[in-house]
Amino acid sequence: MGMSRRQFVTSATSYGIAVSLSRATFAASPDFEMRETPPSHCGRNPAAALGGRIDGPAKVVGARLYASDFRASDLPGWPSRTSHALLIRATDATHVFAGLDLSWLQGALEPSRVITAADVAVAGIRVPAFYEGDLFCPVGKTPLYLGQPLAMLIFEHFDSFDQARLALRAPSCAKYGEETGPVALAPYGSHRFVRVAGATPQAPDLFSPLLDGWIVPCSFRDGDVPVWAPPDRQGPADARASFYGEQIRAELAANNPDLLILDREFETQSVDPMFLEPEAGLAWYDASGRKLEIVLGVQSPQEAAESLAYLLGDARVEFKPAKIHTHFAYLGGGFGGREHTIMPLYIALAAMFFPDRPVRLANNRYEQFQSGIKRHAFKMRSRIGIDRTTGSIRAFAADHVLDGGGLANFSASVADVAATAAIGIYEIPKVDITTVAIHSRGVTAGSMRGYGTLQTMTALEVLIDEAAQALRLDPIEFRSRNALPTDGKTMTGNPLIGVTRTNEVLDKLSKHQIWRDRAAAKTGARQEVLVGTGMACVTKDFGSGADCTLSSVAISPEGRITIHSDAVEMGTAVGTALANRVAALIGGVSDEVSVANIEAYAPLALVTSGDSYSITQSEQDAASRNTRWVPAISSPSRASVGAHISTHGAFEAARVIFHFGLWPAALELWGIAKTDPQARQWDSAQWQERQLVMPSLAPLDLAVLAAKAHARGGVTGAMVHGFNRWEWSRASFTVAGEAWTADIDALAVRAGAGAFVRLDRTKISFPPAVNQRIGASYSSVCGTLVRVEIDRKSGRVRVVRGYSAVECGQALVPEVVVGQAQGGFAMGVGYALLESLPLYEGGPGDGKWNLDRYTITRASDLPMSDLEIEVLPPLAPNDTPKGIAEVVMIPVVPAILNAIHDATGHRFRSLPVTEAMIKGVLQ
């Protein structure tokens with residue numbers, strides 16, 4: 001059986017390092033604690049009326065919250081002086097690296113320590129598998145990619161560091177030798193997704209990824225072109241996939257007058273996530289105590305801690321700490337770019353190679369452009385076949401090529417998600433999509449908001465608009481005819497969970513004034529401008545297929561509520577969402593919310609083993625016989641999981657407290673016996689102004705209930721773990737003598753003021769392993785309308801009006817849902833019209849890119865007073881919350897492209913659409 005979380009953090013026996021993790025709340029620093037744990041220590045709770053954000057005051061007043069805020073003097077017990085490190089990175093990935101010339105860094109500019117590949121090798125440093133590749137390019141090798149670190153320089157004094165960093169911007173101190181051309185590596189991943197539906201919607205599929213698996217190529221031709229198995233209808237799965245896939249492609253290539261066939265290519269660009277706070281961290285290795293302390297801001301705390309333990313776990317004794325304590329701070333934005341980031345490895349190395357002196361490694365914006373994870377550039381070819389008589393889509397085929405840059409990161413996964421989302425909101429009975437993510441010398445691409453679906457659904461929605469025009473159908477009507485219905489099958493062969501509200505969103509778009517007045521807007525336009533209106537509608541999954549929730553909720557005798565969660569706060573207001581979701585169950589908004597908290601769940605004594613994405617059913621069944629086993633313990637904050645996944649654990653913990661603590665206390669105070677039928681009518685109870693209200697009974701204040709629950713030894717705290725593989729794990733427990741079944745897999749409870757005690761589950765059902773073949777199960781829908789004005793002379797495009805309709809289930813923080821949609825709109829405008837990075841030479845890998853060259857969306861680019869966001873109400877009061885952070889961005893891009901076509905008559909199939917491109921068309 002695998003290692004438990006408790007064992008991991010206390011002994012990490014496989015690496016010989018004790019690892020601990022915590023939020024960056026230093027016990028000896030009450031001022032930091034006050035700011036890090038709003039609202040109670042701030043003296044007021046902005047979320048108390050289910051409005052505002054509990055992290056708002058600290059952020060508004062500029063409190064220290066982020067990793068980049070801290071210096072050694074801010075941290076209790078640390079030496080007071082901070083040293084500073086910088087990385088020298090490759091600006092040439094086609095010639096052999098011949099070494100560094102640092103001779104001109106003399107006097108005050110001379111670094112105190114230089115770390116190279118040779119030093120790392122001698123120290124016995126290992127690279128975690130996810131980051132496979134040289135941490136520093138060795139002398140005599142060609143750099144793997146532009147921006148690959150060549151060396152790290154450490155300076156004891158800030159002035160020396162600051163002057164040296166400025167001096168190093170030009171000329172380069174790196175020397176290069178013979179030309180070799182770029183390093184060639186195998187593709188990061190490739191799959192083929194084929195589905196052929198049965199004769200009726202209810203009939204089994206003839207072939208699908210869910211039934212037959214995700215198909216991998218037999219080999220690669222010319223380095224990165226997938227070679228698929230020879231087609232054979234009676235052969236193994238890969239041969240049958242080829243048979244059905246080629247059959248689909250033959251149908252789309254045939255000259256059939258009954259079908260409208262469109263065959264189009266589309267390209268998207270590389271862009272930077274441009275989160276506000278560049279990556280940064282601070283570390284100190286206390287050599288006498290053999291303890292490494294490190295402050296980080298990442299989306300994946302557990303992964304970062306485990307990677308650090310592996311990095312140093314086999315090192316020579318002077319480079320191997322006995323203990324690593326990792327403090328996790330808030331993030332100044334993420335957008336996926338801080339999930340599985342390599343930056344923590346370099347921060348740790350800085351401290352290990354410069355012991356006893358805290359070292360800060362912090363990117364400036366030049367360095368963030370040069371090294372930070374980018375959005376993948378895509379090349380896509382799509383073919384679609386539509387019945388001319390009915391307007392029904394009959395078949396779709398596509399081929400995707402992603403440029404993954406220098407390290408694998410999540411390129412293979414992005415390729416898969418992009419492919420499984422490539423038919424968007426539509427029901428298409430025949431689909432064949434191939435995808436390949438290739439290595440290149442570009443800056444590493446990886447996880448970023450949209451996760452590949454922005455690229456493929458932009459291409460799709462532009463194609464759909466063209467098809468509607470060719471068929472002389474209204475674009476919204478055409479989409480409605482082909483929209484996937486509730487219980488309809490996705491391209492992997494599974495239905496989505498819940499009600500599909502696509503047609504409801506489309507109806508909102510069709511009735512909006514922007515759409516109804518589009519013809520009048522064109523004819524009434526000023527002579528110097530062209531006016532166009534465009535729309536798009538998409539669906540986006542939320543979740544990754546192996547997501548975890550870890551939470552605890554506790555209530556004091558005075559009615560003060562405390563929540564702990566492993567979710568990371570990165571601008572998404574997850575703390576407020578946790579507080580509001582718990583408040584709906586136990587009557588009060590939390591007085592304290594602790595996020596990025598990984599170490600508070602030792603009572604659960606969880607163990608894990610295997611890979612939650614690839615474990616077989618038999619392996620899972622065998623492992624689950626251990627009542628403490630779970631498929632995974634903690635997962636990154638990503639994929640729009642905040643509302644649905646991250647708050648789920650706190651929700652379930654609050655249910656336990658209410659059912660076994662507050663409700664029995666209420667019955668006793670009301671004088672209702674357990675045998676009375678009213679004793680089981682807890683669903684009729686409601687919370688109003690921190691009072692529990694039941695018809696014909698006296699209201700009970702939360703503080704009174706909490707005091708009674710403590711006095712009678714009821715459940716006053718619950719700690720849970722849950723796992724989701726496109727459905728929740730579900731387990732039964734015996735709580736206070738009663739059977740309790742919930743969508744969790746581990747539970748510990750606290751009676752009165754006692755300690756948390758783990759309860760063994762009596763029954764468990766983990767999501768089946770076959771769910772790994774599902775592309776999406778949870779999904780939300782968003783549709784967008786835009787109106788553009790194009791200056792005939794300059795070609796400048798202005799988005800003058802915008803409207804988005806989004807469904808999100810139960811909105812936990814309505815203001816944040818609207819804010820996410822507004823931010824997504826801005827990001828979509830930038831992607832469609834402004835942002836672009838060259839992939840190779842002349843791109844960000846040369847270290848010369850900053851916001852003077854990289855144009856992002858500004859207020860002047862947005863319809864500041866004419867952007868409307870409509871959030872559909874939930875279908876029921878107990879509707880579960882959905883993730884919407886990504887879906888609200890995606891339709892903005894194709895809507896703008898479709899509006900540009902409406903204005904100019906030209907369809908652009910590469911991004912961004914620049915003024916020069918527009919001007920060329922108009923001339």
Side-chain angles (χ1 to χ4, degrees), residues 5 21 23 300-302 542-544 546-555 561-569 572-586 590 592-606 608 612 628 630-661 715-733 735 740-750 756 758-759 761 764 766-767 778 809-810 812 880-883:
R5 179 70 193 151
L21 308 87
R23 285 182 311 119
S300 45
Q302 180 165 325
F542 49 93
S544 70
D547 296 301
C548 302
T549 182
L550 266 172
S551 288
S552 69
V553 179
I555 188 165
I561 300 168
T562 302
I563 302 172
H564 290 83
S565 171
D566 66 339
V568 174
E569 169 53 53
T572 55
V574 70
T576 308
L578 285 160
N580 287 353
R581 196 166 187 198
V582 167
L585 288 169
I586 59 175
S590 176
E592 183 175 317
V593 178
S594 172
V595 294
N597 197 315
I598 310 297
E599 203 176 39
Y601 313 101
L604 294 176
L606 300 174
T608 190
S612 56
R628 296 187 295 125
V630 293
I633 292 174
S634 182
S635 58
S637 292
R638 60 183 175 191
S640 303
V641 300
H644 184 75
I645 300 291
S646 298
T647 68
H648 177 79
F651 169 80
E652 291 289 357
R655 282 212 311 141
V656 172
I657 292 172
F658 179 80
H659 191 89
F660 295 101
V715 173
T716 60
M719 181 181 298
V720 308
H721 179 275
F723 176 76
N724 189 293
R725 186 188 288 126
W726 303 122
E727 60 182 277
W728 285 108
S729 53
R730 188 165 178 81
S732 298
F733 306 85
V735 184
W740 180 255
T741 300
D743 289 341
I744 56 176
D745 47 47
L747 173 64
V749 298
R750 185 186 76 180
F756 279 98
R758 179 177 60 85
L759 304 179
R761 59 200 183 211
I764 181 65
F766 287 111
Y778 304 112
Q810 186 69 47
L812 298 176
T880 56
K882 293 186 173 186

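These numbers come from a predicted model, not from an experiment.
- Contact of the Phe660 side chain with the Val735 side chain is registered, since non-hydrogen atoms from C-beta on lie closer than 4.5 Å.
- Across all non-hydrogen atoms, the minimal contact from Thr741 to Ser732 is OG1-OG, 2.7 Å.
- Between atom CG of residue Asp547 and atom CZ of residue Arg725 there is a gap of 11.0 Å, rounded to the nearest 0.5 Å.
- Taking Asn724 as the reference, Tyr778 meet the side-chain hydrogen bond (donor to acceptor under 3.5 Å, both in side chains) condition, with sequence neighbours excluded.
- Note that CD1 of Ile744 is 9.0 Å distant from CD1 of Ile764, once rounded to the nearest 0.5 Å.
- With rounding to the nearest 0.5 Å, the separation of CD1 in Ile563 from OG in Ser552 is 9.0 Å.
- Looking at heavy atoms from C-beta onward, Phe651 lies out of side-chain contact with Thr549 at the 4.5 angstrom threshold.
- A donor-acceptor pair under 3.5 Å is formed between the side chain of His644 and the backbone N or O of Pro881.
- What you find for Pro603 and Ala748 is that their closest heavy atoms are CB-CB, 4.3 Å.
- Using a 30° and 60° split on the angle between ring planes, Trp728 and His648 fall in the parallel class, below 30°.
- Between Ser646 and Val574, the shortest heavy-atom contact is CB-CG2, 4.1 Å.
- Partners of Arg655 by salt bridge (Lys or Arg N to Asp or Glu O under 4.0 Å), not counting sequence neighbours, listed by chain and number: Glu652.
- The two residues Ser640 and Phe542 come nearest to each other via the heavy atoms O-CB, 3.6 Å.
- You'll find the side chain of Pro301 reaches within 4.5 Å of the side chain of Val568, heavy atoms only.
- Counting only heavy atoms from C-beta outward, the side chains of Asp745 and Phe766 approach each other to under 4.5 Å.
- Atoms NE2 and OG, on His564 and Ser590 in that order, are 9.5 Å from each other to the nearest 0.5 Å.
- At least one donor-acceptor pair under 3.5 Å links the side chain of Thr608 to the backbone N or O of Val630.
- Looking at heavy atoms from C-beta onward, Ser565 lies out of side-chain contact with Ser594 at the 4.5 angstrom threshold.
- With hydrogens and angles disregarded, no donor-acceptor distance shorter than 3.5 Å links the side chain of Thr562 to the backbone of Ala554.
- Put simply, CD1 on Ile657 and CD1 on Ile555 are 7.0 Å apart, with the number rounded to the nearest 0.5 Å.
- Here Ser300 contributes atom OG and Asp566 contributes atom CG; the two are 11.5 Å apart, rounded to the nearest 0.5 Å.
- Across all their heavy atoms, Leu578 and Thr647 have their closest contact at CD2-CA, 3.7 Å.
- Among pairs with a residue in residues 575-586, none fulfils salt bridge (Lys or Arg N to Asp or Glu O under 4.0 Å), at least two apart in sequence or across chains.
- Among all heavy-atom pairs drawn from Leu747 and Val656, the shortest one is CD1-CG2, 4.3 Å.
- Within the 4.5 Å cutoff, the side chain of Arg628 has no heavy atoms near those of the Leu606 side chain.
- Looking only at side-chain heavy atoms (C-beta outward), His721 and Tyr601 stay at 4.5 Å or farther from each other.
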